[in-house]
Amino acid sequence: MESMDIVGKSKEDASLPKATMTKIIKEMLPPDVRVARDAQDLLIECCVEFINLISSESNEVCNKEERRTIAPEHVLKALEVLGFGDYIEEVYAAYEQHRLETMDTVRAGKWNNVAEMTEEEALAEQQRMFAEARTRMNNGIVVPKQSDPEPEHK
């Protein structure tokens, strides 16, 4: 059996990053509480099973609506169908917060006009970003970029 950093029997099994899950488990408990490794593994497996259950039911809801992409409303409906209706309000609030944070990040970032860029503009922006990255990597020492041939126009 190959060594793995994730909980799961094989690469085909759904799994979660063990280190991240262990950190979440520790953050949820008082500092003086310790959790045995077996218990951590069991909690992680329970999380995997819960995600599989919600995903499967979300897929069923999606299929009943003759849709091909699972949307947030399918996940919320799956929670209700599976008897987790008490969590819907909190899950929806977390989704809205994530959506707003993601929107703010895109607005504040350099990528807000990417869809409106031409291919040439996108290439120029990519080259500019590479140059910035090279400068940062070299601790502010500007290393001249090798000249690129001019793009051919057809």
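Small disclaimer: the values here were computed from a predicted structure and weren't measured.
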Undergrad: Less than 4.5 Å apart, side chain to side chain, heavy atoms only: is that true for E57 and K77?
TA: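 Sidechains of K77 and E57: no contact.
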Undergrad: Working to the nearest 0.5 angstrom, can you tell me the gap between H98 NE2 and E96 CD?
TA: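 Interatomic distance, H98 NE2 to E96 CD, rounded to 0.5 Å: 11.0 Å.
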Undergrad: Is there a path of hydrophobic side-chain contacts, each under 4.5 Å between heavy atoms of I/L/V/M/F/W/Y residues, joining V61 to F84?
TA: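 F84 and V61: separate clusters.
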Undergrad: Considering the options I25, T22, L42, which one meets the side-chain contact (heavy atoms from CB on, under 4.5 Å) requirement together with V35?
TA: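 Exactly one candidate clears the test, I25.
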Undergrad: Give a yes or no on whether V48 and M28 share a hydrophobic cluster (residues Ile, Leu, Val, Met, Phe, Trp, Tyr; joining criterion: side-chain heavy atoms under 4.5 Å apart).
TA: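 Hydrophobic grouping puts V48 with M28.
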Undergrad: Is atom CD of E90 surrounded by more than 12 heavy atoms (other residues, nucleotides or ligands) closer than 6.0 Å?
TA: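 Count not over threshold, so no.
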Undergrad: How far does NZ of K64 sit from CD of E66, to the nearest 0.5 angstrom?
TA: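 Reported value, rounded in 0.5 Å steps: 12.5 Å.
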Undergrad: For residues V75 and L100: do they belong to one hydrophobic cluster (side chain heavy atoms under 4.5 Å, members Ile, Leu, Val, Met, Phe, Trp, Tyr)?
TA: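 Different clusters: V75 never reaches L100 through Ile, Leu, Val, Met, Phe, Trp or Tyr contacts under 4.5 Å.
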Undergrad: Treat each ILVMFWY residue as a node, draw an edge where side-chain heavy atoms are under 4.5 Å apart, and state whether L53 and I51 are in one component.
TA: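 Hydrophobic grouping puts L53 apart from I51.
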Undergrad: Taking the side chain as C-beta and beyond, is there a heavy-atom pair between L76 and Y95 under 4.5 Å?
TA: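 Contact flag for L76/Y95 side chains = no.
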Undergrad: Out of curiosity, Q126 CD to E119 CD, how far, rounded to the nearest 0.5 Å?
TA: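 CD of E119 is found 10.5 Å from CD of Q126.
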Undergrad: Got D41 and K18 here, is their nearest side-chain heavy-atom distance under 4.5 Å?
TA: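 Sidechains of K18 and D41: in contact.
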Undergrad: Once rounded to the nearest 0.5 Å, what's the spacing between atom NE2 of H74 and atom CD of E65?
TA: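 Going from NE2 on H74 over to CD on E65, the span is 3.5 Å.
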Undergrad: Assigning hydrophobic clusters by single linkage (Ile, Leu, Val, Met, Phe, Trp, Tyr; side-chain heavy-atom cutoff under 4.5 Å), is V81 placed with V91?
TA: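 Different hydrophobic clusters.
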Undergrad: For the CG atom of L82 and the OG atom of S58, what is their distance to the nearest 0.5 Å?
TA: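 With rounding to 0.5 Å, CG (L82) is 8.0 Å from OG (S58).
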Undergrad: In Å, rounded to the nearest 0.5 Å, how long is the span from CD of E125 to OG1 of T118?
TA: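 These two atoms lie 11.5 Å from each other.
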Undergrad: Write down the atom of I70, the atom of S55, and the distance for their closest heavy-atom approach.
TA: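 For I70 versus S55, the nearest heavy atoms are CD1-O, 4.2 Å.
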